[in-house]
Each structure stands twice: as structure tokens, then as C-alpha cells.
Amino acid sequence: MKTLRIICLALGFAGIYGSLFSQSYFDDGLDADFHRGRREALREKMPEKSMAVIFTNPVKNRSNDVDFIYHPQTDFFYLTGLREPDAALLLFSEPVSVGGELVDELIYVQPRDETAEMWNGKRLGKEGVGKFLGFQQVYLNEEFLEGVSLEDFELILSFNLADGIEESNANKSIQSMRDQFKEASNYPDQLSEVTNKMYELIKATDVDNSANVAQVIGRYRKYYPEVENDAMLTAYLEAESPEKRMEIAQEIPAHKVNISALTEIMESLRGVKTAEEISMLQKAIKISAIGQIEVMKALKPGMSEREVQGIHEFVYKRYGAENVGYPSIVGAGHNGCILHYISNDLRNPDKRLMLMDLGAEWRGYTADVTRTIPITGKFTAEEKAIYDLVYKAQEAAMTACKPGSEFGDISKIAQRVINEGLEELGIIIRGQRHRYFPHGTSHHLGLDVHDRGEYGMLQKGMVLTVEPGIYIPEGSDCDPKWWNIAVRIEDDVLITEEGFVNLSADAPRSSAAIEKMMAQPSILEEWVLPEL
């Protein structure tokens, strides 16, 4: 270790440190300046005399002593760039004194551990987080909240911490920090956005109007389990007199925690992408579109759903994508009617449609591209009729992808086109309610496949999906010739000043373009593995 330290000093810390952490940190990803800028943007939106606390994700166990590949909480990564567990970030709206020094942010990280790093890879530690991620105030997680008084703040912004953390040795530090924060902030046991609103309503209500509030709580109990399971709200609802309700109101613990404001701020920030984020998304989407192209060329009868999944994900890995953005969906025939079908275990799909909803993750950002193609290389008449209708709906919906349109306009347009088309095909009658198009048409895309963002007016810089679909499962109330036809076409679009750019346009979309691409030879045709 002494020799390593001397080499680091001689060659320069940043270069050597970057190579040590090449498996988790990328020189072609987001840099420290990006994350610093995002913290500044959040701080500008915070109320005066407030503090924000953001914990990263805990470790998730897969089986016995094997954990899932770690993925940080995306808001935490957005603000810090740190990919390691057992960490927390504090941001202050104005500089405060900590240890005799004025600071506006603190980050707490796991310590270096020679034995743990031998098994699980290098850690940045205090020094690495400071130099590699650009933080000035870095502490070990065992020092959490030391020298920080929550009494100095009028408001504490947090995400909902009601969900427990899986108990394990790997999560002791993150659980300890969360417990310390809850105790220091007087965090209520049953806090949720709904119960928090109920508490605020109770505290703001006088004795004469308490019965009206009790009625409101009664209505909310029907729809929100957290209200039904809250002992204090139940006691208020069941109180035999207005005076008793006021006594219960006095027993509600005073706290400064707000679990709504931070979510709202992060949605406003993450919904509109910066130039750096758009660059990451373009790479993820380009790779995913190429994956669709290679499968179109390689697919033939007899290929299993899992083999098709493997081709997609091989392309991702070949380009250096670190992961998939979400579990790959590869469903043939009736499996395509299952919206989030991820088992992908049908061995011989035969002559059916293959619905493929997949996305590569590139430096934390995920694509979300869906194509539906005929396993034989040619659509049947019924398959083509449904496919072309979905394509028509997508083309029409994309006309609403421009600044000033409402998010809901995209879905309304797609729904109208699909309803009219299903009626023309005789699958439904005019005005009939149906479930052949059961999902929305668009969502934000970014660090999460269903990314944070506001669902009002479209703005320049938003990246969103446009994904109409038609799914006709067996037994549907229509001619059986339509049964087990499932089609979804999904593209990722960037809202520009003039309109939009389809970032996934490389993957053929029209039925004719798909058939043309499927007629091309595949580089995988000569790859034959031995029989088992």
C-alpha cells in the first residue's frame, strides 16, 4: 500500500484514481461539474432556512449471501455522481456553521476497507469523493449529523422514509443514518404525503369545524391504507366529541419534515434535461435502436424469447453499456398481451408476432424502445392491419410533441385514432369501452425509465416516450382471427424549440421498413453453438 501511495503522488491522484474505479465511474459519463450544478439548481429552489436530506438506496439481497448489482437512488446520483451505498447528502438553503466553518452542503460516505475492497471492488472513501466528485465537505457515515443542529432550520425536506430497509450487515450504516435523522427530526412513524396533509388539516382546524375534518378523514380511509392504519387519525375520526378531537390534535407531534416539496422540486429539475443528459440519452437510445435492428435481421422461427433477449443485451454490452435500464420484455404471441412480461421463457414462439420492449443503460441513463415484428419476416393480413393502426396512432400522437402542448394531448390523439381504427376493423362498435389499449402513451425518460418530471405543458429539453399499443388476448369479444395479436411501437423523442426529434428513429418503424430490414442477412447466422 505504501508503494501505491507513492505512485499516486508521483503520477497525480486523479489519473490513477480514475483507473482504480473504472468499473463504476466512466470518463465518458457525467462529470463533477454537472452534479455540482444540479445541487446549485436544487438549492435555488429550496425555501429559506431549509435543509434537504437525501439518502442513497440500500443494498438489496438476491439470495443467501448474494446481492443484486447495486444501483444508487437516482436523485442522489443526479446530485452527487456517487454510485456507492451507505451514503447521504445534506444541502442547506443558506450556508450554516458546521465545526466552525460555513458550509452549504455535506456528504457522508462509507469508509475505505481493504478487506471489503478485495472482495467487492475499490471504494472512493473520503479522499476520493472529495477529489473525484468535487465535494469540499466529506465525512464518514459514522459521523452523520455530528455538529449539525436541525433546530437551526425552519423546514426539513426529505423523501418519504416510511418504507423499512432490509435488515442485513450491508445495510447497517444506511439504516443507522436514517434512524438518526428520524429521531433528530421527530419524524412521525406513519408519515406519508396523505397522512401529512391530514395532520396539517387537523392542526389548522378549530373545534367548530372538527366534525367536517373527521368526515374528510373518513373518505380518505376508503382509498388510502396509510390513513386507515394510522392510529392517531383513527382516534380523531372515532372521537365522541369535538372537544376530544381537539385533545387528539394537541397530541400530534410537532415536526418540520416536508415529504412533498423535495419531490416537486426534483420533478421540475429532472423533467427538463441538460445538454449533458441529452448526450447520455442519445447514446443509450442509439445502442437500443441498433439492438432492435440486429434482432430484426437475426430473428427466425425456432428462436426462443430468451435468445432474442440475449441478442439485444449482447449488443448493449458490445457497445459498453453498463446494464439494462429495466428488465427486458420479449413476448411472442399471447405473451405480448402481458404489458410487463419479463419471464421471456417461451422456447418456440413459432409463427407469431414478437413484441420487444428493451432499453440499454448508458452511464446511468436509460433508453426505452419497443418494436413488434413478425417471426416469419412477413406480417399476416390481420397482423399488418393492427400494426399499421398502431403506427398511424403513433404518427398522429407525435404531432403533439412540441412546446406548449399538454402532456395529455399525446394520449388523447393516440386513443382517438385507435378507437376509430378498431371500429373500422369491426373489433369494437362505436362508443364501446374496451381494454385493447389499457396504458398511457407517454412518460418522461432519463435516469429512471419512468423518470421524474411534471405532466403539464411540454417544454424544450424534455425527453419522453410515445408508445401506443393494441393488445387482443385470446377470448376477447371479437372475431378470433384477431386473438393473440399484440403490437406496441415505442420511440423516445426530444422536445425541441420547433417540435421534436425522434431519437430512436434508426430502428425501422413502419411495417414495410421492418419487413425490408428482416430480409437482410445477419452477422449471427454463422454463429452455431454445440448441442448440449
Pair up each side-chain donor or acceptor in residues 278-286 with any protein partner under 3.5 Å, not counting sequence neighbours, and list the distances.
unit_1, atom_1, unit_2, atom_2, d
Lys286, NZ, Asp506, OD2, 2.6

**Report entry** Sequence neighbours excluded, every pair satisfying side-chain hydrogen bond (donor to acceptor under 3.5 Å, both in side chains) that has a member inside residues 397-411
**Finding:** Ser411-Thr441

**Report entry** Asn323-Tyr316 side chain donor-acceptor pair, cut-off 3.5 Å
**Finding:** no

Report task. Output all residues satisfying side chain to side chain contact (heavy atoms under 4.5 Å, CB included) with Glu420, sequence neighbours left out; order by chain, then residue number. Result -> Arg416

Report task. Name the orientation class of the two ring planes belonging to Tyr391 and Tyr387 (parallel below 30°, tilted from 30 to 60°, perpendicular beyond 60°). Result -> parallel

Requested in this report: Inspect the contact between Arg43 and Glu40 and indicate whether a charged nitrogen and a carboxylate oxygen are less than 4.0 angstrom apart.
Outcome: yes

Requested in this report: May I ask you to decide whether Asp75 forms a salt bridge with Arg452, counting only side-chain N to carboxylate O separations under 4.0 Å?
Outcome: yes

Query raised in the report: For Asp28, which residues count as a side-chain hydrogen bond (donor to acceptor under 3.5 Å, both in side chains) partner, sequence neighbours excluded?
Result: Arg363

Query raised in the report: What residues, two or more places apart in sequence or in another chain, satisfy side-chain hydrogen bond (donor to acceptor under 3.5 Å, both in side chains) together with Arg221?
Result: none

Requested in this report: Decide whether a cation-pi geometry holds between Arg39 and Phe135; the criteria are a distance under 6.0 Å from NZ or CZ to the six-membered ring centre and an angle within 45° of the ring axis.
Outcome: yes

Requested in this report: List for me each residue that meets side chain to side chain contact (heavy atoms under 4.5 Å, CB included) alongside Lys378, sequence neighbours excluded, and say none if there are none.
Outcome: Thr376, Glu515

Report task. Taking the six-membered ring for Trp and the full ring for Phe, Tyr or His, determine whether the centres of His334 and Tyr341 are under 6.0 Å apart. Result -> no

Query raised in the report: Do you know which of His312, Glu307, Glu313 makes side chain to side chain donor-acceptor pair (under 3.5 Å) with Gln309?
Result: Glu313

Query raised in the report: Can you say whether the rings of Tyr455 and Phe407 are parallel (under 30°), tilted (30 to 60°) or perpendicular (over 60°)?
Result: tilted

